[in-house]
4 protein chains.
Amino acid sequence: MILETIKTPGLSHLSYLVGAGGKAAVIDPRRDCDIYLEKARAQGLEITHILETHRNEDLVSGSPILAAMTGAKVLHGPNPERKVVFADTAREGDFVDIGQLRIEVIETPGHTDDHLAYAIHDTAYPDGAVGVFTGDALFIGDVGRTDFYPERKREVAGLLYDSLQKLLGLGDQAIVYPAHGAGSVCGSGMALREFSTIGHERRNNPRLQFESRDDFIEFKVAEHHYQPPYFRLMERLNMDGADPSPRSLRPRMLSLAELQSADCDHVIDVRDPLAFASGHLRGAMCLPTGMISAFAGWFIRENDRIGLVAGDTGQLASAVEHLTRIGFDTIVGGHVGVVPDAASGADMRTIPMVGTEIVEQRLADRADDWTLLDVRDAEERASAAIEGSQHLYVGQLNEGWRDLDRNRHYTLMCASGMRASVAAGWLAARGFDRLDIYLGSMGAWKAAH
Amino acid sequence: MILETIKTPGLSHLSYLVGAGGKAAVIDPRRDCDIYLEKARAQGLEITHILETHRNEDLVSGSPILAAMTGAKVLHGPNPERKVVFADTAREGDFVDIGQLRIEVIETPGHTDDHLAYAIHDTAYPDGAVGVFTGDALFIGDVGRTDFYPERKREVAGLLYDSLQKLLGLGDQAIVYPAHGAGSVCGSGMALREFSTIGHERRNNPRLQFESRDDFIEFKVAEHHYQPPYFRLMERLNMDGADPSPRSLRPRMLSLAELQSADCDHVIDVRDPLAFASGHLRGAMCLPTGMISAFAGWFIRENDRIGLVAGDTGQLASAVEHLTRIGFDTIVGGHVGVVPDAASGADMRTIPMVGTEIVEQRLADRADDWTLLDVRDAEERASAAIEGSQHLYVGQLNEGWRDLDRNRHYTLMCASGMRASVAAGWLAARGFDRLDIYLGSMGAWKAAH
Amino acid sequence: MILETIKTPGLSHLSYLVGAGGKAAVIDPRRDCDIYLEKARAQGLEITHILETHRNEDLVSGSPILAAMTGAKVLHGPNPERKVVFADTAREGDFVDIGQLRIEVIETPGHTDDHLAYAIHDTAYPDGAVGVFTGDALFIGDVGRTDFYPERKREVAGLLYDSLQKLLGLGDQAIVYPAHGAGSVCGSGMALREFSTIGHERRNNPRLQFESRDDFIEFKVAEHHYQPPYFRLMERLNMDGADPSPRSLRPRMLSLAELQSADCDHVIDVRDPLAFASGHLRGAMCLPTGMISAFAGWFIRENDRIGLVAGDTGQLASAVEHLTRIGFDTIVGGHVGVVPDAASGADMRTIPMVGTEIVEQRLADRADDWTLLDVRDAEERASAAIEGSQHLYVGQLNEGWRDLDRNRHYTLMCASGMRASVAAGWLAARGFDRLDIYLGSMGAWKAAH
Amino acid sequence: MILETIKTPGLSHLSYLVGAGGKAAVIDPRRDCDIYLEKARAQGLEITHILETHRNEDLVSGSPILAAMTGAKVLHGPNPERKVVFADTAREGDFVDIGQLRIEVIETPGHTDDHLAYAIHDTAYPDGAVGVFTGDALFIGDVGRTDFYPERKREVAGLLYDSLQKLLGLGDQAIVYPAHGAGSVCGSGMALREFSTIGHERRNNPRLQFESRDDFIEFKVAEHHYQPPYFRLMERLNMDGADPSPRSLRPRMLSLAELQSADCDHVIDVRDPLAFASGHLRGAMCLPTGMISAFAGWFIRENDRIGLVAGDTGQLASAVEHLTRIGFDTIVGGHVGVVPDAASGADMRTIPMVGTEIVEQRLADRADDWTLLDVRDAEERASAAIEGSQHLYVGQLNEGWRDLDRNRHYTLMCASGMRASVAAGWLAARGFDRLDIYLGSMGAWKAAH
């Protein structure tokens with residue numbers, strides 16, 4: 001019997017392969033789903049069931065793809081709007097047997113209407129569930145978002161409260177296997193720890209400590225979350241079933257001339273943001289591989305033509321991996337270069353880094369044509385901010401740049417300088433050229449004050 | 001924060017890497033310990049502590065080796081006999097901080113006098129332990145052996161009982177991380193499941209259901225376990241500190257002539273036992289790679305010179321891996337061949353397979369010079385046996401073969417035919433040549449009756 | 001600039017990736033062609049051309065598949081019958097530029113009418129070709145077969161002679177890159193060495209030492225080659241374009257019951273032939289993974305339903321890899337077992353191994369109902385044979401078994417016992433049950449006499 | 001029979017594994033020599049001989065280490081000064097048999113006094129050598145340096161000429177296997193192509209086209225080569241025998257505080273030079289992993305304590321790999337950070353990038369306190385230079401920085417900006433702070449003019 005966690009970095013997505021007696025089930029597979037089939041069959045297991053905890057909005061589900069590869073049956077919760085095309089609808093009390101394991105369906109609406117949890121029972125040791133796949137209902141240290149039905153905010157927060165009580169009812173001994181870990185866009189309060197139980201969450205999870213259902217609802221209704229535009233695309237793909245990811249993640253190789261004539265909607269430079277700042281091709285935006293999952297969905301729309309620029313081919317493959325997991329397949333190709341491009345006479349741009357002293361000086365100078373633009377999220381901004389700075393969340397620069405002034409001098413800042421680089425790169429690609437980046441940003445500011 | 005399980009197949013040994021805040025601890029490392037260092041540093045973690053739950057008797061500890069590679073401090077429980085050379089002695093209540101994790105020492109004697117468990121606390125979520133490394137005190141579905149102090153049987157069984165109460169006292173929510181899984185020589189009753197909690201064990205583990213301390217002691221005192229001779233070697237190495245495993249697991253390559261002139265104490269044929277039965281070099285014993293961990297320690301003594309025979313070089317590397325993990329380093333080399341050897345005129349031997357019909361016929365014939373020899377363990381034998389068969393545990397053939405008669409005809413049997421092949425190979429290497437193997441063995445017998 | 005050889009074991013097939021200046025060409029890609037794309041793009045090269053030396057008859061060409069993945073142009077020689085669907089026809093003197101390399105087409109008919117060689121020139125060092133892809137015209141130590149146009153035997157042998165003169169005309173300095181190495185069914189006289197030049201072949205290749213064109217023709221016309229039935233399938237697939245190989249090589253996992261109810265045309269046991277001999281499922285044939293390339297094409301027909309039996313899942317994946325490379329995709333699934341099957345009471349069969357002494361005895365006894373059946377190829381048989389044995393090539397047992405007598409006792413032999421096991425397994429699967437295998441076979445016989 | 005090339009990037013070093021009949025030889029192994037043993041034994045070959053073409057001055061030889069691992073015999077040429085401690089002295093006409101291959105010693109002094117080539121003969125195809133290991137005597141497109149005996153310049157150039165005639169005498173058909181490819185510090189004129197023959201070199205290699213021995217000598221005597229200081233260390237290690245490389249390449253992980261208190265002689269930032277320019281820890285020098293082989297030996301002395309800074313742990317492992325191959329083992333540890341360091345308030349430094357327009361402007365301004373410093377090598381400088389720039393080779397900044405003025409403003413340039421960044425980083429680490437880097441450098445300048 002095995003229970004293996006498959007982590008997807010960037011998305012902080014957790015999926016699971018559970019197997020016994022020659023059979024296996026996969027919980028919430030991602031789009032590039034060869035990994036489940038390979039792992040299962042390498043251990044002599046045939047995947048017979050795919051269990052979805054809910055319709056994911058932050059990544060492309062691999063369920064229809066894996067089902068086509070294996071013949072496995074997909075289970076999904078009841079959806080009031082319309083049925084998920086590729087799945088059977090599962091209801092409270094339904095169960096699936098995987099060898100000596102029995103996996104029971106628990107309806108847990110709140111995060112989404114169709115949300116299910118799956119309790120794991122070992123029929124050879126039957127007293128109480130040994131674990132539970134909690135999806136986006138219960139995380140370690142946090143609970144699911146309830147902002148997806150804006151007109152039913154209070155109702156769905158209450159539904160989530162009730163669902164959590166059901167999960168607590170499984171008993172302290174049940175191990176918690178959630179669909180996301182720390183770093184996910186599906187919750188900002190998750191613990192760094194990757195392992196917990198119903199009992200440990202009952203005692204420690206701040207969201208399980210409210211005195212009443214109403215207190216919980218008040219808290220959830222007051223929460224602030226961002227919804228990147230690509231969530232709409234994900235929802236549609238995950239109702240209808242997405243195509244398989246490309247067989248190879250390595251994009252077509254482009255020379256500089258080929259890149260420049262490729263008529264791309266976006267040229268994405270996936271190198272280290274500091275390298276981007278020192279030199280990049282005119283018109284390129286900055287989105288390092290590790291930040292694609294979090295931010296590509298703000299800046300790129302379905303069917304936009306994407307050209308990639310990297311320092312080596314490994315970065316290109318990593319970028320394609322991240323892009324295709326969230327449904328961006330229209331990648332024209334990848335170019336390896338930058339310094340060689342500069343040496344061939346390409347038109348290069350640079351964005352200076354500045355430190356705390358310069359920022360202090362400029363703040364003191366109160367120059368009319370200068371803005372310190374803080375691109376952190378609202379929660380970070382609320383907890384501490386530099387007086388005199390303005391706020392616009394990095395993702396919201398996708399449209400918000402239109403309200404900025406190309407003739408103005410902007411210093412971008414965030415918590416460290418990473419998101420500030422992404423923001424600066426986006427503005428640079430839109431034709432802004434009086435930009436610099438506060439290296440160290442809020443962290444450096446705090447250290448100095 | 002990470003908690004990663006490193007499984008060692010064959011030994012069913014479980015070790016752990018736990019890390020947070022740039023630091024890491026390893027629990028019960030095996031001898032080939034590069035894997036811990038690689039995994040830790042690949043994630044930017046420096047191993048600062050190595051925690052031993054007890055002095056292992058079934059494998060070579062990697063603690064002194066990993067300590068030399070990293071400078072980490074080794075903790076080991078108090079040992080009445082003498083101190084473990086490479087470790088500091090840890091006592092109840094001592095603790096180690098790994099980033100935001102606090103790992104607390106719990107003295108849990110019984111399996112061994114020096115046995116410790118280590119409770120894991122997350123100081124950011126401090127209410128109750130989130131997990132516990134239980135070593136050989138508590139397994140999933142079983143508890144530790146208490147047969148290592150024959151003259152103190154009742155006392156140590158009672159100590160284990162008390163230790164288990166301490167572990168139960170951590171609360172239902174604590175996840176259990178034991179030192180062995182199903183298949184280990186350290187316990188025969190373990191669940192196939194690899195994940196559990198204190199709460200689930202409290203409810204389901206048969207060894208935690210006794211009505212009284214005395215009932216538990218009675219049960220443990222009545223248990224039967226085998227102690228392979230190499231346990232003595234392991235104990236010594238794990239008090240004094242073993243050498244690192246070889247840098248490469250690939251043995252020197254030997255031609256057939258080189259093998260034959262190498263003056264080996266054992267020529268071990270590591271191929272599939274069925275292939276061995278069809279043809280093997282005269283004098284070779286049968287021990288497929290997957291059975292080395294369980295049985296090499298019965299047949300091979302420290303410093304015996306070992307020659308290996310395999311069908312390909314991958315099998316050789318796997319065999320060396322398994323042998324060195326239990327301290328057998330005196331491997332002269334490896335030879336790839338057998339069919340080519342036969343084609344070069346080498347002296348080959350064959351052991352026929354027989355089926356149920358033939359065994360039935362022979363039993364009916366009651367031939368004076370024939371014995372059906374059952375090499376399963378005492379527990380299996382006790383649960384069901386073929387009338388007319390004799391019993392000698394496969395491991396005990398190491399010396400027991402001396403009491404058998406080379407002129408007699410033996411049919412070897414076990415549960416399926418695998419251990420029967422090992423037994424037949426051992427006897428063949430000792431000069432017995434009226435041998436055959438009951439393919440399917442007890443399983444086939446039961447299916448037919 | 002790179003020139004990398006991609007070897008395909010079993011088929012002894014050699015393909016090449018050659019790249020310079022951001023571009024690459026692939027020569028004679030195999031069906032599972034992700035490897036070329038991965039290697040090229042990992043080095044920043046885009047595959048722009050695929051060069052076929054001829055229509056392969058022993059493996060499925062990956063050219064149409066790789067072309068679809070990359071947009072590369074495929075070149076193939078002029079074919080009198082009809083055009084290869086997915087390729088442009090290349091003619092003497094055509095060339096392709098890959099960065100600073102110029103690759104020139106040389107028409108070299110003989111082995112096939114459409115055969116091309118491709119000379120490699122480095123335009124930066126232009127004096128003479130630096131290498132040549134010789135396809136199946138010139139091997140190291142041998143030349144191509146000329147038995148594919150039975151009615152034009154002399155003509156095509158002469159064409160090959162002329163083609164070889166053209167290749168010699170490139171100069172001694174040109175490195176030879178052939179399409180096959182030793183072990184291929186495309187030639188039995190290849191050197192074990194994997195590297196040579198036109199000059200070294202001119203001096204040493206026995207087929208380049210004939211005194212006259214006529215002598216060469218006489219020799220080639222007298223050669224004997226086998227043509228496995230699957231060559232027809234390959235030819236058709238390689239004119240029309242085959243489908244991509246499966247995305248995962250791991251077959252669906254089957255339990256014993258599922259295997260038995262799967263209605264397979266063939267159950268192929270891919271374990272070590274010696275293990276097969278000791279015990280196998282009734283009805284299974286013997287074809288170890290390493291022998292699939294050479295012999296599956298004799299015994300299996302297009303669209304036959306195949307079930308696999310193995311000792312572990314790695315063997316299954318390897319078997320699927322070999323089968324799909326020669327176009328056998330109708331694999332129902334794979335079962336891991338045999339000893340467990342025996343222990344569950346499955347109907348098992350055994351084929352004894354016998355040694356030289358027993359064979360001698362039987363030959364001396366001249367029993368009426370016994371045959372020593374030699375399944376080596378005609379050339380081996382011609383060079384030495386055991387008096388009293390009969391001959392039937394292992395591949396020709398595909399139909400030849402019909403002329404044998406199920407009531408007769410056959411001892412199978414070959415050079416070592418490997419092909420004899422395949423032969424015995426095939427007969428066993430056809431219902432023969434008085435079989436044994438001469439372990440060591442001709443090799444052991446020679447050593448003893 | 002196999003002949004496999006093992007390439008070492010950075011050093012552009014080529015070593016070889018050649019095997020036949022169960023035996024193998026390795027030619028010019030590098031220090032991290034597990035790879036040869038693994039590859040050989042994975043193919044069932046035992047390494048019996050290690051053949052050194054000469055005493056390498058640009059990397060640590062793995063011969064004594066591999067000899068200790070295998071028991072193989074090491075051959076080295078006759079050395080007038082003193083014997084290589086770990087090797088037997090081989091002489092013209094000596095030979096080694098590796099299965100059916102015979103490898104013959106050819107004395108080829110010139111590059112070094114002890115230089116040998118090794119001709120490969122296949123005794124089954126004996127007419128003429130099929131290949132030759134040419135060491136640093138003959139490269140593809142170039143020949144060896146002759147600047148290691150400054151007082152015997154003409155003599156050794158003549159010796160090399162004579163040695164090359166010997167190699168040409170092997171015949172056009174012999175394949176050339178040199179010890180270095182393009183990018184090595186052992187020759188600047190090598191072809192990008194990795195494959196050639198004696199015949200192709202005879203026709204195309206510019207160094208083999210001189211009309212007379214004297215012309216050749218004149219040319220070689222006039223050549224200019226740099227000798228990094230670490231060559232002395234390499235020579236000593238390769239006479240006496242170096243220690244094995246570390247078992248793990250992953251360095252001890254250091255926090256920023258640990259790095260800062262580690263008392264390092266050098267803190268080497270191994271990230272992309274553009275990232276370094278945007279922000280780095282004060283005092284750090286710039287040496288990206290891919291440039292370590294070429295430049296570390298200029299800036300670092302034996303036993304200097306080294307701290308590494310990287311953006312991820314993969315870069316750290318790569319840096320250690322490159323450093324240990326040239327004998328720099330005193331690596332205190334590695335720190336992953338920079339942007340997080342900035343955010344924790346660390347003291348950061350930045351070096352601006354400038355483009356052609358700014359450089360033009362400054363040149364036009366002829367500012368007294370500004371220098372455009374060209375750090376390319378003498379050959380590049382000779383072929384084209386920017387008027388008004390000064391020249392100092394990047395490596396020679398190791399001491400040459402002392403002659404520069406910390407109060408002056410320097411713009412660093414090379415061919416593209418990469419070496420300029422290394423130079424700027426070195427000066428920054430020495431306390432210069434009026435620095436910038438010409439992005440695109442000579443390439444951009446040429447494109448603009």
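Chain identifiers are assigned alphabetically (A, B, ...) following the order of the sequence lines, protein sequences preceding nucleic acid strands; residue numbering begins at 1 within each chain. Both backbone and side-chain heavy atoms feed into the values below; hydrogens, waters and symmetry mates do not.
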Quick one: do the Ser248(D) and Glu38(B) side chains pair a donor with an acceptor below 3.5 Å? yes

What's the separation between atom OG in Ser245(D) and atom CZ in Arg247(B), rounded to the nearest 0.5 Å? 4.5 Å

I need the Leu254(B) CG to Glu46(D) CD distance, nearest 0.5 Å. 7.5 Å

Checked Ala40(B), Pro251(B), Gly333(B), Gly334(B) vs chain D; the most non-hydrogen pairs under 4.5 Å come from Pro251(B)

Max heavy-atom pair count under 4.5 Å with chain D, selected residue of Pro244(B), Ala42(B), Gly22(B): Ala42(B)

Among the listed options Asp34(D), Ile47(D), Val336(D), the residue most often paired with chain B at heavy-atom distances under 4.5 Å: Asp34(D)

Which atom of Thr70(B) lies closest to which atom of Arg252(D), heavy atoms considered: O-NH2, 2.6 Å

Give the minimum heavy-atom separation between Met253(B) and Leu45(D), together with the two atoms involved. CG-O, 3.7 Å

